[in-house]
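All residue numbers in this chain count up from 1 along the given sequence.
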Amino acid sequence: MSVTREMGAALRRIQLGSALSAFGVGFTVPYLYVYVAQVRDLGAGTAGVVLAVFAMAALAVLPFTGRAIDRRGPMPVLIVSAVVASVGAAALGLSSNVTTTVLSAAVLGAGTAVMSPALATMLVWCSSTATRTRAFAMQFFLQNLGLGIGGLVGGQIVDTNRPETFTLLFLIEAAMFIVLGVVAATVRMPRTPVIADARPTDGSTAKGGLRALLSHRAMVQLCVLGFVLFFACYGQFESGLAAYGTEAAGIEPSTLGIALAANTAVIVVAQFVVLRLVERRKRSRVIASVGLIWAFAWIVAGYAGLGHGSQTMATAAMISTYALFGLGESMLSPTVAPLVADLAPESMVGQYNSAFALVKQLALAVGPAVGGPMGASLHGPYIVTFVLFSLGITVLALRLGHRLTPVQDQPSLAALPSRVVAVSRPEAGMVAERMSEPAAAR
């Protein structure tokens, strides 16, 4: 099915709102620790608690988010979460004691956690199997661009000697969340469901719930794979890998900012080049390739800290490590999130997206707790551990490929005329077949 004008307009609005909210988040994320620990003078311990509260708040609300999305629709859920996040951001910018800071962080964390599956479900409703890959890639590109620009602009505003400059950053973030809510409210969702079972049309609510999801073996395997992906990459960026870089490789803390900028730059520059290379290939093999790229990235990081080369070479190696992670991320954005949507059965898209978001948050909570101490003191074992985790991604991805239908693994096949389309059902993890008209007629 080709994207209609109505769906195209809805997609553009959704992606615009997502990019603007990411722009707002970029103002505060790089400076949150400094704001709590130094500007508000609440100490490193409180700053650590605030960072942990974000993950805990997400874990608290995500189990209930999916059913709300499937019953009420993603738009009202997104609007409410945007308002909640806006209140949390504004309150955090005005907080000056431990209690209000932690409570504000909990509200902000809960609001932002709900946004992700709500936005993903809206993208699913406004795209087809053949166009979903590009829709999610565009969202990922715009979000990273927004985060990068927001961080750069915010860096020109902040002054650790003037708390009001940080308050301004949080108020800008709060305003961008409101903008997201307003933009979402103006989206005209397509009247006709784009793919079978993506959107309830008879007023029915989701059936099966968690039991149906857990019986869907392909989805369970994807969740396990997702945990390893986020644990081995995102869960290490600001904890284990940062500690390893400063302790083992001896790079300056300011160089970490350059490394993160290199990561974002690779994503922004490579996203659409990579998209053209992967969108007609099997998703399972693309994800498997990411595991190999990340294994090489960890080996490069190992050289930076254990290779006994010059400081310049160590610094270059650490920056290259972050850049290689960015290359892998640009390959994952058009594969993993659309695959979650394509696995979801009737009226459970929100629950599948929320379940995967929950897995991500678990990995982001466990990753720093495991990687931080290892990266700071157990340098050799740290690198070996995450090389093995990365290779595990490759193995898990290839195993997942055996459970996917041809179209789920390679969406480009949906554009080919066919009389039989295989559909994965969660009830028994079996493959059923149904008749469908030629792609040109859909």
Answer yes if the side chains of Gln221 and Arg403 hold a donor-acceptor pair under 3.5 Å, and no otherwise.
yes
Any sub-3.5 Å donor-acceptor pair from Thr335's side-chain atoms to Leu332's backbone N or O?
yes
Could you report the tightest heavy-atom contact between Pro334 and Leu275, atom names first, then the distance?
CB-CD1, 3.7 Å
Between OG1 on residue Thr321 and CD1 on residue Ile383, distance to nearest 0.5 Å:
7.5 Å
Looking only at atom types and distance, does a side-chain atom of Asp70 sit under 3.5 Å from a main-chain N or O of Gly350, one as donor and one as acceptor?
yes
Using a 3.5 Å distance criterion without hydrogens, assess whether the side chain of Ser320 forms a donor-acceptor pair with backbone atoms of Ala316.
yes
Spell out, as yes or no, whether a donor-acceptor pair under 3.5 Å connects the side chain of Ser284 to the backbone of Leu398.
no
Walk me through it: do Val268 and Phe141 pass the test side-chain contact (heavy atoms from CB on, under 4.5 Å)?
CA-CA 6 Å; Val268 171; Phe141 166 79; 3.5 Å; yes
Look at the rings of Phe231 and Phe389 and say which category their plane angle falls in: under 30° parallel, 30 to 60° tilted, over 60° perpendicular.
tilted
Measure the shortest side-chain to side-chain distance between Val25 and Glu173 over non-hydrogen atoms and say whether it is less than 4.5 angstrom.
yes
Where Val124 and Arg132 come nearest, the two heavy atoms and their spacing:
O-NH2, 3.7 Å
Check step by step if side-chain contact (heavy atoms from CB on, under 4.5 Å) holds for Glu329 and Ser333.
CA-CA 6 Å; Glu329 291 174 73; Ser333 64; over 6 Å; no
Heavy-atom distance under 4.5 Å between the side chains of Leu213 and His216, does that happen here?
no
Are the side chain of Gln410 and the backbone N or O of Arg280 linked by a donor-acceptor pair below 3.5 Å?
yes
Heavy-atom pair with the smallest gap, counting every atom of Thr186 and Arg13
OG1-NH1, 3.0 Å
Within the structure provided, determine whether Trp298 and Leu241 are in side-chain contact (heavy-atom separation under 4.5 Å).
yes
Decide yes or no for Arg283 and Pro338: does some side-chain heavy atom of the first lie under 4.5 Å from some side-chain heavy atom of the second?
yes
Shortest non-hydrogen separation from Ala135 to Gln15 and the atoms involved
O-NE2, 2.9 Å
Using a 6.0 Å cut-off, check whether atom CZ of Phe272 has over 12 heavy atoms from anything other than its own residue.
yes
Under 3.5 Å, is there a donor-acceptor pair linking the side chains of Thr165 and Asp159?
no
Between Tyr382 and Phe386, ring centroids under 6.0 Å
yes
Does any donor atom in the side chain of Gln408 or Asp342 lie under 3.5 Å from an acceptor atom in the other side chain?
no
Which of parallel (below 30°), tilted (30 to 60°) and perpendicular (above 60°) describes Tyr244 and His379?
perpendicular
Does the side chain of Pro63 come within less than 4.5 Å of Leu358's, by heavy atoms?
yes
Is the backbone of Ser330 close enough, under 3.5 Å, to the side chain of Gln271 for a donor and an acceptor to pair up by distance?
yes
Quick check for you: to the nearest 0.5 Å, what is the distance between Asn263 atom CG and Leu327 atom CG?
10.5 Å
Determine whether Leu78 and Ser81 make a side-chain contact, defined as any pair of heavy atoms from C-beta on separated by less than 4.5 Å.
yes
Are the side chains of Val77 and Thr121 in contact, using a 4.5 Å heavy-atom criterion?
no
How about Tyr35 and Thr28: do any of their side-chain heavy atoms sit closer than 4.5 Å?
no
Distance col, row Ser96:OG vs Leu42:CG, nearest 0.5 angstrom, shows 8.0 Å
Out of curiosity, Gln361 CD to Ser354 OG, how far, rounded to the nearest 0.5 Å?
11.5 Å
Return the minimal non-hydrogen interatomic distance between Thr264 and Gly148, and the atom names on each side.
CG2-CA, 4.5 Å
So which atom in Thr101 and which in Ser95 form the shortest heavy-atom distance, rounded to 0.1 Å?
OG1-CB, 3.4 Å
